[in-house]
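Here's the structure, in structure tokens; my notes come after.
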Amino acid sequence: MLTESKLKIDQAVINEICAAGEPWSGLVKKGQTFRILDSEGNQAVDTLFYNANNTEERYSATDTIQRQGQIYLTTGSVLYSSEGNPMLTIIADTCGRHDTLGGACAAESNTVRYDLAKRPMHSCRDNFMHAISHSAHVCDLEITKRDISANINFFMNVPVTEEGGLSFADGISGSGKYVEMRAEMDVLVLISNCPQLNNPCNAYNPTPIQLLVWN
């Protein structure tokens, strides 16, 4: 459901740009509002959420889909944790639909889906690995590669076929569209601003995103 926000960018306490194809991490405290903005349009944003006070509790695609009865996320959707607790609630959305099934691209999936020669290409899993190894928000939390679980793909268009398969289609987002979430607990956010060049999820041209937080 398309819903605009009344928040003003000049009142945000965090306002950062994540370059095309790069990782980002941040802490969003309970009650704060977190916005992901698609700067130039048609950009997939792979995102993981963890309980900032206990990172063994993290976003659960299974719980979120089951509780929503819906595989796509939009205004009103609640993102649930592996413990069944609400982590964030989507309170504004000018895109209208976000993917829960497509997962994050990796060297292995690029090889299987596209070509053996694609294995060295940069991927979302590479970005997540870099973030857990180098980010100041993450280094002290003992997160390892085994903690990289199923993610949300904000703005990404992954239609489900009649046969139950997934297809990676041209995006439905546009320049300046955003999704905004209220944190229901303190959350650690890990983002891969997807570098994928082999399917149309980024229009074959990864672009920057903007990350904002309000008190």
According to side chain to side chain donor-acceptor pair (under 3.5 Å), who are the partners of [X], at least two apart in sequence or on a separate chain?
X	value
Glu16	Trp24
Asn110	Gln196
Ser77	none

Under the side chain to side chain contact (heavy atoms under 4.5 Å, CB included) test, residues paired with [X] that sit two or more places apart:
X	value
Thr55	Tyr50, Leu141, Ile143
Asn15	Ile9, Gln210, Leu212
Ala104	Asp46, Cys124, Phe128, Asn151
Asp63	Ser60, Tyr80

Which atom of Cys105 lies closest to which atom of Ser123, heavy atoms considered: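 Closest approach of Cys105 to Ser123, heavy atoms only: O-CB, 3.4 Å.
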Which atom of Gly76 lies closest to which atom of Gln68, heavy atoms considered: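 In this case the closest contact between Gly76 and Gln68 is O-OE1, 4.3 Å.
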Side-chain touch [X]/[Y], heavy atoms, less than 4.5 angstrom:
X	Y	value
Cys194	Pro206	no
Leu73	Ile152	yes
Ile209	Ile191	yes
Val160	Leu166	yes
Leu88	Ile90	no
Thr75	Ile91	no
Ile148	Leu190	no
Leu188	Val138	yes

Candidate pair His130 and Glu22, rule side-chain contact (heavy atoms from CB on, under 4.5 Å), full reasoning: CA-CA 10 Å; His130 187 277; Glu22 293 298 310; over 6 Å; no
Give a yes or no on whether [X] and [Y] share a hydrophobic cluster (residues Ile, Leu, Val, Met, Phe, Trp, Tyr; joining criterion: side-chain heavy atoms under 4.5 Å apart).
X	Y	answer
Val45	Met129	no
Phe49	Ile132	no
Met185	Val78	no
Val13	Val28	yes
Ile71	Phe168	yes

Residue list, ring pair (Phe, Tyr, Trp, His ring centres under 6.0 Å) with Phe155, at least two apart or on another chain: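 In terms of ring pair (Phe, Tyr, Trp, His ring centres under 6.0 Å), with neighbours along the sequence ignored, Phe155 is linked to His98.
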Where at least one partner belongs to residues 92-106, residue pairs that pass salt bridge (Lys or Arg N to Asp or Glu O under 4.0 Å), sequence neighbours excluded: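 Residue pairs passing salt bridge (Lys or Arg N to Asp or Glu O under 4.0 Å), neighbours aside: none found.
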Of all pairs that satisfy salt bridge (Lys or Arg N to Asp or Glu O under 4.0 Å), the ones with a partner from residues 184-193, not counting sequence neighbours: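 As it turns out, the salt bridge (Lys or Arg N to Asp or Glu O under 4.0 Å) pairs with a partner in residues 184-193, which skip direct neighbours, are Arg182-Glu184.
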Distance in Å, Lys30 NZ paired with Asn53 CG, rounded so as to fall on 0.5 Å steps: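 It comes to 11.0 Å.
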Straight-line distance of Met156 CE to Cys201 SG, nearest 0.5 Å: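 The distance works out to 4.5 Å.
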Can you give me every donor-acceptor pair (side chain of residues 31-39, partner residue at least two apart or in another chain, under 3.5 Å) with its distance?
{"unit_1": "Gln32", "atom_1": "OE1", "unit_2": "Lys29", "atom_2": "N", "d": "2.8"}
{"unit_1": "Gln32", "atom_1": "NE2", "unit_2": "Asn215", "atom_2": "OD1", "d": "2.6"}
{"unit_1": "Arg35", "atom_1": "NE", "unit_2": "Glu180", "atom_2": "OE1", "d": "2.7"}
{"unit_1": "Arg35", "atom_1": "NH2", "unit_2": "Ser5", "atom_2": "OG", "d": "3.3"}
{"unit_1": "Arg35", "atom_1": "NH2", "unit_2": "Glu180", "atom_2": "OE1", "d": "2.8"}
{"unit_1": "Asp38", "atom_1": "OD1", "unit_2": "Gly41", "atom_2": "N", "d": "3.1"}
{"unit_1": "Asp38", "atom_1": "OD2", "unit_2": "Asn42", "atom_2": "N", "d": "3.0"}
{"unit_1": "Asp38", "atom_1": "OD2", "unit_2": "Gln43", "atom_2": "N", "d": "3.3"}
{"unit_1": "Asp38", "atom_1": "OD2", "unit_2": "Ser173", "atom_2": "OG", "d": "2.7"}
{"unit_1": "Ser39", "atom_1": "OG", "unit_2": "Pro208", "atom_2": "O", "d": "3.3"}

Crowding at CD, Glu4 (>12 non-hydrogen neighbours, <6.0 Å):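 Not buried by this count: 12 neighbours or fewer within 6.0 Å.
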Residue among Thr47, Asp126, Asn127 satisfying side chain to side chain donor-acceptor pair (under 3.5 Å) with Ser192: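 One option only clears the test, and that one is Asn127.
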Residue pairs passing the ring-ring contact (aromatic ring centres under 6.0 Å, His included) test where at least one lies in residues 177-215, sequence neighbours excluded: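 Matches after skipping sequence neighbours: none remain.
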Worked check of side-chain hydrogen bond (donor to acceptor under 3.5 Å, both in side chains) between Glu57 and Ser82: CA-CA 6 Å; Glu57 181 178 14; Ser82 53; 5.7 Å; no
